[in-house]
Amino acid sequence: GKWEREINFSVIGQYVDYLVKEQGVKNIFVNGTTGEGLSLSISERRRVAEEWVTKGRNKLDQVVIHVGALSLKESQELAQHAAEIGADGIAVIAPFFLKPWNKDVLINFLKEVAAAAPALPFYYYHIPALTGVKIRAEEVLDGIQEKIPTFQGLKFSDTDLLDFGQCVDQNRQRQFAFLFGVDEQLLSALVMGATGAVGSTYNYLGKKTNQMLEAFERKDFSSALNHQFCIQRFINFVVKLGFGVSQTKAIMTLVSGIPMGPPRLPLQKASREFTDNAEAKLRSLDFLSFNDLKDGNLEACS
Ligand SMILES: CC(=O)N[C@@H]([C@@H](O)[C@H](O)[C@H](O)CO)[C@@H](O)CC(=O)C(=O)O
(Lines give C-alpha, C1' and ligand atoms only; values in the text may rest on other atoms or scores of the structure.)
Protein backbone atom coordinates (compact mmCIF):
# COMPACT_ATOMS: atom_id res chain seq x y z
CA GLY A 1 0.00 0.00 0.00
CA LYS A 2 0.90 3.68 -0.14
CA TRP A 3 2.13 3.80 3.46
CA GLU A 4 4.83 1.35 2.50
CA ARG A 5 6.20 3.87 0.01
CA GLU A 6 6.37 6.83 2.36
CA ILE A 7 8.86 7.65 5.09
CA ASN A 8 7.58 7.12 8.60
CA PHE A 9 9.04 10.27 10.15
CA SER A 10 7.26 9.62 13.42
CA VAL A 11 9.64 6.83 14.59
CA ILE A 12 12.84 8.88 14.28
CA GLY A 13 12.55 10.37 17.78
CA GLN A 14 12.02 6.93 19.27
CA TYR A 15 14.98 5.63 17.31
CA VAL A 16 17.25 8.37 18.70
CA ASP A 17 16.44 7.17 22.22
CA TYR A 18 16.98 3.55 21.24
CA LEU A 19 20.43 4.26 19.76
CA VAL A 20 21.58 6.33 22.71
CA LYS A 21 20.21 4.09 25.46
CA GLU A 22 20.45 0.60 24.02
CA GLN A 23 23.42 0.86 21.68
CA GLY A 24 25.55 3.65 23.12
CA VAL A 25 25.57 5.40 19.74
CA LYS A 26 25.74 9.20 20.06
CA ASN A 27 26.66 10.37 16.59
CA ILE A 28 24.49 9.92 13.54
CA PHE A 29 25.26 9.98 9.85
CA VAL A 30 21.98 10.79 8.09
CA ASN A 31 20.84 10.05 4.50
CA GLY A 32 23.86 7.95 3.62
CA THR A 33 23.94 4.46 2.16
CA THR A 34 21.95 2.65 4.83
CA GLY A 35 19.38 5.46 4.95
CA GLU A 36 18.95 5.17 1.17
CA GLY A 37 19.65 8.89 0.92
CA LEU A 38 20.20 8.72 -2.83
CA SER A 39 16.80 7.07 -3.33
CA LEU A 40 14.95 9.91 -1.59
CA SER A 41 13.61 13.10 -3.09
CA ILE A 42 15.24 16.36 -2.08
CA SER A 43 12.24 17.35 0.02
CA GLU A 44 12.31 13.97 1.79
CA ARG A 45 16.01 14.38 2.49
CA ARG A 46 15.38 17.80 3.99
CA ARG A 47 12.63 16.48 6.24
CA VAL A 48 14.65 13.45 7.38
CA ALA A 49 17.59 15.73 8.24
CA GLU A 50 15.32 18.12 10.13
CA GLU A 51 13.78 15.30 12.12
CA TRP A 52 17.14 13.88 13.19
CA VAL A 53 18.55 17.27 14.16
CA THR A 54 15.42 18.24 16.09
CA LYS A 55 14.87 14.92 17.86
CA GLY A 56 18.58 14.52 18.53
CA ARG A 57 18.95 17.89 20.26
CA ASN A 58 20.54 17.49 23.73
CA LYS A 59 20.69 13.73 23.18
CA LEU A 60 23.14 13.23 20.35
CA ASP A 61 26.66 14.67 20.17
CA GLN A 62 26.77 15.10 16.42
CA VAL A 63 24.41 14.80 13.48
CA VAL A 64 26.22 14.81 10.15
CA ILE A 65 24.07 15.04 7.03
CA HIS A 66 25.07 13.41 3.77
CA VAL A 67 24.22 15.95 1.06
CA GLY A 68 25.83 14.32 -1.99
CA ALA A 69 23.80 14.28 -5.22
CA LEU A 70 24.37 14.08 -8.96
CA SER A 71 23.21 17.65 -9.35
CA LEU A 72 25.60 20.16 -7.86
CA LYS A 73 22.66 22.51 -7.31
CA GLU A 74 20.70 19.96 -5.31
CA SER A 75 23.77 19.18 -3.28
CA GLN A 76 24.29 22.87 -2.53
CA GLU A 77 20.64 23.26 -1.58
CA LEU A 78 20.95 20.37 0.88
CA ALA A 79 24.22 21.73 2.27
CA GLN A 80 22.67 25.13 2.89
CA HIS A 81 19.64 23.49 4.44
CA ALA A 82 21.86 21.43 6.77
CA ALA A 83 23.47 24.66 7.95
CA GLU A 84 20.10 26.32 8.49
CA ILE A 85 18.73 23.54 10.65
CA GLY A 86 21.86 23.41 12.80
CA ALA A 87 23.48 20.15 11.70
CA ASP A 88 27.02 19.50 12.95
CA GLY A 89 28.55 18.69 9.59
CA ILE A 90 27.96 17.65 6.00
CA ALA A 91 29.39 14.84 3.92
CA VAL A 92 29.50 14.31 0.17
CA ILE A 93 30.15 11.31 -2.06
CA ALA A 94 31.64 11.60 -5.54
CA PRO A 95 29.03 12.17 -8.28
CA PHE A 96 28.53 8.74 -9.78
CA PHE A 97 26.83 9.05 -13.18
CA LEU A 98 28.85 11.63 -15.03
CA LYS A 99 31.97 11.05 -13.00
CA PRO A 100 34.96 13.18 -12.09
CA TRP A 101 37.88 11.62 -13.95
CA ASN A 102 40.62 12.85 -11.70
CA LYS A 103 41.33 14.17 -8.26
CA ASP A 104 41.25 17.86 -9.17
CA VAL A 105 37.85 17.62 -10.83
CA LEU A 106 36.46 15.77 -7.83
CA ILE A 107 37.82 18.39 -5.43
CA ASN A 108 36.34 21.18 -7.57
CA PHE A 109 32.93 19.57 -7.20
CA LEU A 110 33.30 19.01 -3.44
CA LYS A 111 34.52 22.58 -3.01
CA GLU A 112 31.40 24.04 -4.61
CA VAL A 113 29.19 22.04 -2.26
CA ALA A 114 31.24 22.92 0.81
CA ALA A 115 31.04 26.61 -0.10
CA ALA A 116 27.24 26.47 0.21
CA ALA A 117 27.69 25.80 3.94
CA PRO A 118 30.83 27.77 4.79
CA ALA A 119 30.43 27.35 8.55
CA LEU A 120 29.92 23.58 8.58
CA PRO A 121 32.64 20.95 8.91
CA PHE A 122 32.91 19.08 5.62
CA TYR A 123 33.61 15.37 5.15
CA TYR A 124 34.43 13.55 1.95
CA TYR A 125 32.57 10.23 1.84
CA HIS A 126 34.78 7.73 0.01
CA ILE A 127 32.77 4.70 -1.11
CA PRO A 128 34.30 3.61 -4.43
CA ALA A 129 32.48 0.28 -4.69
CA LEU A 130 29.14 2.07 -4.86
CA THR A 131 30.06 5.30 -6.70
CA GLY A 132 32.41 3.67 -9.19
CA VAL A 133 34.77 6.59 -8.63
CA LYS A 134 38.03 4.85 -7.85
CA ILE A 135 40.23 7.88 -7.20
CA ARG A 136 42.26 6.95 -4.12
CA ALA A 137 41.32 8.81 -0.96
CA GLU A 138 44.97 9.49 -0.16
CA GLU A 139 45.18 11.50 -3.41
CA VAL A 140 41.95 13.37 -2.73
CA LEU A 141 43.25 14.43 0.68
CA ASP A 142 46.51 15.75 -0.69
CA GLY A 143 46.18 19.55 -0.55
CA ILE A 144 42.42 19.48 0.02
CA GLN A 145 42.46 21.83 3.00
CA GLU A 146 43.90 24.63 0.88
CA LYS A 147 40.97 24.21 -1.51
CA ILE A 148 38.24 23.48 1.05
CA PRO A 149 38.87 25.43 4.26
CA THR A 150 36.06 23.62 6.11
CA PHE A 151 37.50 20.19 5.30
CA GLN A 152 37.25 18.14 8.48
CA GLY A 153 37.89 14.57 7.44
CA LEU A 154 36.99 11.47 5.62
CA LYS A 155 34.41 8.74 5.83
CA PHE A 156 36.31 5.82 4.37
CA SER A 157 34.08 2.95 3.22
CA ASP A 158 36.60 0.77 1.43
CA THR A 159 38.74 -2.24 2.29
CA ASP A 160 42.00 -0.76 0.94
CA LEU A 161 43.96 -0.37 4.16
CA LEU A 162 47.03 0.85 2.27
CA ASP A 163 45.03 3.82 1.03
CA PHE A 164 43.48 4.36 4.46
CA GLY A 165 46.82 4.10 6.27
CA GLN A 166 48.35 6.62 3.90
CA CYS A 167 45.45 9.03 4.49
CA VAL A 168 46.32 8.97 8.18
CA ASP A 169 50.09 8.94 7.76
CA GLN A 170 50.19 11.86 5.34
CA ASN A 171 47.93 14.07 7.45
CA ARG A 172 49.30 13.56 10.93
CA GLN A 173 49.69 17.27 11.65
CA ARG A 174 46.20 18.19 10.55
CA GLN A 175 43.79 16.73 13.11
CA PHE A 176 41.42 15.37 10.50
CA ALA A 177 38.70 12.90 11.44
CA PHE A 178 39.29 9.49 9.86
CA LEU A 179 35.96 7.73 10.07
CA PHE A 180 36.12 4.11 9.01
CA GLY A 181 33.16 2.47 7.28
CA VAL A 182 33.91 -1.24 6.97
CA ASP A 183 32.58 -2.58 10.24
CA GLU A 184 34.12 -6.06 9.94
CA GLN A 185 37.61 -4.49 9.67
CA LEU A 186 37.29 -1.68 12.20
CA LEU A 187 39.96 -3.03 14.54
CA SER A 188 42.57 -3.02 11.77
CA ALA A 189 41.58 0.54 10.93
CA LEU A 190 41.92 1.56 14.58
CA VAL A 191 45.48 0.28 14.53
CA MET A 192 46.03 2.41 11.40
CA GLY A 193 44.73 5.49 13.20
CA ALA A 194 40.97 5.66 12.59
CA THR A 195 39.44 8.28 14.89
CA GLY A 196 35.84 7.09 14.53
CA ALA A 197 33.51 4.71 12.74
CA VAL A 198 30.36 5.07 10.67
CA GLY A 199 28.57 1.91 9.67
CA SER A 200 25.30 0.08 9.27
CA THR A 201 25.93 -2.61 11.89
CA TYR A 202 26.30 -0.07 14.71
CA ASN A 203 22.52 0.24 14.55
CA TYR A 204 22.32 -3.16 16.23
CA LEU A 205 25.90 -4.06 17.22
CA GLY A 206 26.73 -0.64 18.65
CA LYS A 207 27.04 -1.91 22.17
CA LYS A 208 29.25 -4.80 21.09
CA THR A 209 31.43 -2.48 19.01
CA ASN A 210 31.75 -0.06 21.92
CA GLN A 211 33.12 -2.95 23.98
CA MET A 212 35.73 -3.47 21.28
CA LEU A 213 36.59 0.24 21.28
CA GLU A 214 36.95 0.22 25.07
CA ALA A 215 39.22 -2.84 24.95
CA PHE A 216 41.32 -1.12 22.27
CA GLU A 217 41.53 2.06 24.39
CA ARG A 218 42.87 0.16 27.38
CA LYS A 219 45.29 -1.68 25.07
CA ASP A 220 43.68 -5.03 25.73
CA PHE A 221 44.20 -6.16 22.17
CA SER A 222 43.36 -9.81 22.67
CA SER A 223 39.95 -8.95 23.99
CA ALA A 224 39.47 -6.32 21.27
CA LEU A 225 40.25 -9.03 18.74
CA ASN A 226 37.75 -11.39 20.34
CA HIS A 227 35.08 -8.75 19.95
CA GLN A 228 36.05 -8.12 16.33
CA PHE A 229 35.99 -11.84 15.54
CA CYS A 230 32.54 -12.10 17.09
CA ILE A 231 31.28 -9.27 14.91
CA GLN A 232 32.95 -10.90 11.92
CA ARG A 233 31.19 -14.19 12.60
CA PHE A 234 27.86 -12.46 12.30
CA ILE A 235 28.77 -10.39 9.24
CA ASN A 236 30.34 -13.38 7.52
CA PHE A 237 27.20 -15.40 8.15
CA VAL A 238 24.85 -12.80 6.66
CA VAL A 239 27.19 -11.99 3.77
CA LYS A 240 26.86 -15.62 2.71
CA LEU A 241 23.08 -15.30 2.79
CA GLY A 242 23.20 -12.12 0.71
CA PHE A 243 23.64 -8.93 2.71
CA GLY A 244 22.87 -5.35 1.81
CA VAL A 245 20.80 -2.33 2.78
CA SER A 246 17.47 -4.24 2.67
CA GLN A 247 18.80 -6.94 4.95
CA THR A 248 20.25 -4.33 7.31
CA LYS A 249 16.82 -2.73 7.56
CA ALA A 250 15.23 -6.06 8.48
CA ILE A 251 17.82 -6.69 11.20
CA MET A 252 17.37 -3.16 12.55
CA THR A 253 13.62 -3.78 12.89
CA LEU A 254 14.23 -7.15 14.51
CA VAL A 255 16.72 -5.95 17.09
CA SER A 256 15.24 -2.54 17.96
CA GLY A 257 11.58 -3.53 17.70
CA ILE A 258 11.04 -0.22 15.88
CA PRO A 259 9.51 -0.71 12.42
CA MET A 260 11.95 0.46 9.74
CA GLY A 261 9.60 -0.44 6.92
CA PRO A 262 10.69 -1.96 3.63
CA PRO A 263 13.39 -0.37 1.48
CA ARG A 264 12.46 1.65 -1.59
CA LEU A 265 12.76 0.29 -5.13
CA PRO A 266 15.08 -0.72 -6.72
CA LEU A 267 15.80 -2.50 -3.44
CA GLN A 268 13.57 -5.39 -2.40
CA LYS A 269 12.46 -6.31 1.06
CA ALA A 270 14.63 -8.97 2.74
CA SER A 271 13.13 -12.44 2.69
CA ARG A 272 11.51 -14.02 5.73
CA GLU A 273 14.10 -16.79 5.44
CA PHE A 274 16.94 -14.27 5.70
CA THR A 275 15.45 -12.62 8.76
CA ASP A 276 14.83 -15.95 10.52
CA ASN A 277 18.40 -17.09 9.89
CA ALA A 278 19.86 -13.76 10.97
CA GLU A 279 17.80 -13.86 14.16
CA ALA A 280 18.99 -17.37 15.01
CA LYS A 281 22.58 -16.28 14.48
CA LEU A 282 22.16 -13.16 16.63
CA ARG A 283 20.80 -15.34 19.40
CA SER A 284 23.51 -17.95 19.16
CA LEU A 285 26.17 -15.22 19.37
CA ASP A 286 24.33 -13.70 22.34
CA PHE A 287 23.78 -10.45 20.42
CA LEU A 288 20.10 -10.35 21.31
CA SER A 289 19.54 -9.38 24.92
CA PHE A 290 16.64 -11.75 25.61
CA ASN A 291 18.82 -14.79 25.17
CA ASP A 292 16.55 -17.77 25.65
CA LEU A 293 18.76 -20.30 23.95
CA LYS A 294 19.66 -23.09 26.30
CA ASP A 295 21.64 -25.21 23.91
CA GLY A 296 23.50 -24.50 20.75
CA ASN A 297 25.01 -21.21 21.85
CA LEU A 298 28.51 -22.61 21.97
CA GLU A 299 29.86 -19.60 20.17
CA ALA A 300 28.33 -17.02 22.50
CA CYS A 301 30.73 -14.14 22.63
CA SER A 302 29.96 -11.76 25.48
C1 LIG B 1 28.49 -0.64 1.53
C2 LIG B 1 27.92 -0.38 2.89
O3 LIG B 1 26.72 -0.43 3.06
N4 LIG B 1 28.78 -0.14 3.85
C5 LIG B 1 28.36 0.14 5.21
C6 LIG B 1 29.03 -0.82 6.17
O7 LIG B 1 28.59 -0.54 7.46
C8 LIG B 1 28.70 -2.28 5.84
O9 LIG B 1 27.29 -2.46 5.82
C10 LIG B 1 29.29 -3.24 6.87
O11 LIG B 1 30.67 -3.04 6.96
C12 LIG B 1 29.00 -4.70 6.52
O13 LIG B 1 29.70 -5.08 5.37
C14 LIG B 1 28.70 1.57 5.57
O15 LIG B 1 30.00 1.89 5.17
C16 LIG B 1 27.70 2.51 4.91
C17 LIG B 1 27.36 3.64 5.77
O18 LIG B 1 27.96 3.89 6.75
C19 LIG B 1 26.24 4.50 5.38
O20 LIG B 1 25.10 4.12 5.65
O21 LIG B 1 26.48 5.55 4.79
Side-chain angles (χ1 to χ4, degrees), residues 12 15 19 23 25-40 45 48-49 52 62-69 75 78 82 87 89-94 96 123-134 137 153-161 163-164 167 177-190 194-206 208-210 212-213 227-252 254-255 260 263-264 266-267 270 274 278 281-282 285 287:
I12 294 176
Y15 198 57
L19 286 174
Q23 297 295 345
V25 169
K26 299 210 70 182
N27 301 288
I28 310 291
F29 189 85
V30 177
N31 287 336
T33 304
T34 309
E36 295 173 84
L38 277 302
S39 305
L40 306 182
R45 290 175 71 172
V48 171
W52 276 99
Q62 288 201 56
V63 179
V64 173
I65 314 292
H66 172 247
V67 302
S75 207
L78 290 170
I90 52 171
V92 175
I93 55 171
F96 51 89
Y123 298 84
Y124 168 55
Y125 182 178
H126 180 65
I127 183 157
L130 290 188
T131 60
V133 176
K134 313 277 183 186
L154 181 69
K155 169 166 156 41
F156 189 97
S157 286
D158 187 41
T159 54
D160 184 347
L161 288 171
D163 189 16
F164 184 70
C167 287
F178 299 103
L179 311 175
F180 196 66
V182 184
D183 312 357
E184 54 276 38
Q185 300 182 345
L186 177 56
L187 184 57
S188 318
L190 288 171
T195 61
V198 181
S200 69
T201 67
Y202 310 133
N203 282 287
Y204 52 92
L205 298 180
K208 188 76 198 168
T209 306
N210 278 326
M212 182 177 89
L213 293 176
H227 289 302
Q228 182 72 93
F229 281 159
C230 264
I231 291 163
Q232 286 194 344
R233 282 184 213 161
F234 178 72
I235 296 178
N236 197 51
F237 179 81
V238 289
V239 161
K240 286 196 238 169
L241 296 175
F243 186 56
V245 169
S246 314
Q247 288 72 25
T248 291
K249 216 146 257 179
I251 300 171
M252 285 164 67
L254 175 76
V255 177
M260 299 294 150
R264 177 168 284 176
L267 297 182
F274 172 86
K281 193 66 175 180
L282 286 167
L285 290 165
F287 285 169

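First listed ligand is number 1; within each ligand, the first listed atom is number 1. FYI, side chains are in, hydrogens and waters are out, and symmetry mates aren't considered; it's all heavy atoms of this structure. Remember, predicted model here, so these are calculated numbers, not experimental data.
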Per-atom contacts of ligand 1 with Ser157, taking only distances under 4.0 Å to non-hydrogen atoms: 15 (O)
Under 3.5 Å side-chain donor-acceptor pair for Tyr202 and Asn210: no
Heavy atoms from other residues, nucleotides or ligands near CZ of Phe237 exceed 12 (cutoff 6.0 Å): yes
Axial cation check for Phe29 ring with Lys155, 6.0 Å and 45° limits: yes
Per-residue contact class, Ser200 against ligand 1 - non-hydrogen pairs under 4.0 Å: both
Atom indices of ligand 1 within 4.0 angstrom of Val198 heavy atoms, with elements: 18 (O)
Nearest heavy atoms of Cys167 and Leu154, plus distance in Å: SG-CD2, 3.7 Å
Qualifying residue, where the test is side chain to side chain contact (heavy atoms under 4.5 Å, CB included) with Phe180 and the options are Thr195, Leu161, Asp158: Leu161
Gap separating the CE atom of Met252 from the OG1 atom of Thr34, nearest 0.5 angstrom: 7.0 Å
Taking atom 11 (O) of ligand 1 as the reference point, the nearest protein heavy atom with its distance: Glu184 OE1, 2.6 Å
Thr33 and Tyr125: side chain donor to acceptor below 3.5 Å: yes
N/O separation below 3.5 Å, Thr33 to ligand 1: yes
Any Tyr202 heavy atom less than 4.0 Å from ligand 1: no
Nearest neighbour in protein (non-hydrogen) for atom 4 (N) of ligand 1: Gly181 O, 4.1 Å
Among Phe156, Phe29, Tyr125, Phe234, closest by any non-hydrogen atom to atom 16 (C) of ligand 1: Tyr125
For Val182, the ligand 1 atoms whose distance to one of its heavy atoms is below 4.0 Å: 11 (O)
Ligand 1 contact by Lys155, heavy-atom criterion under 4.0 angstrom: yes
Side chain Asn27, main chain Gln62, donor-acceptor under 3.5 Å: yes
Interfacing atoms of ligand 1 (cut-off 4.0 Å, heavy-atom, Gly199): 7 (O), 18 (O)
Atom indices of ligand 1, in the order listed, that fall short of 4.0 Å to a heavy atom of Gly32: 21 (O)
Straight-line distance of Gln247 CD to Phe274 CZ, nearest 0.5 Å: 5.0 Å
Which segment of His66 sits under 4.0 Å of ligand 1 when only heavy atoms are counted: neither
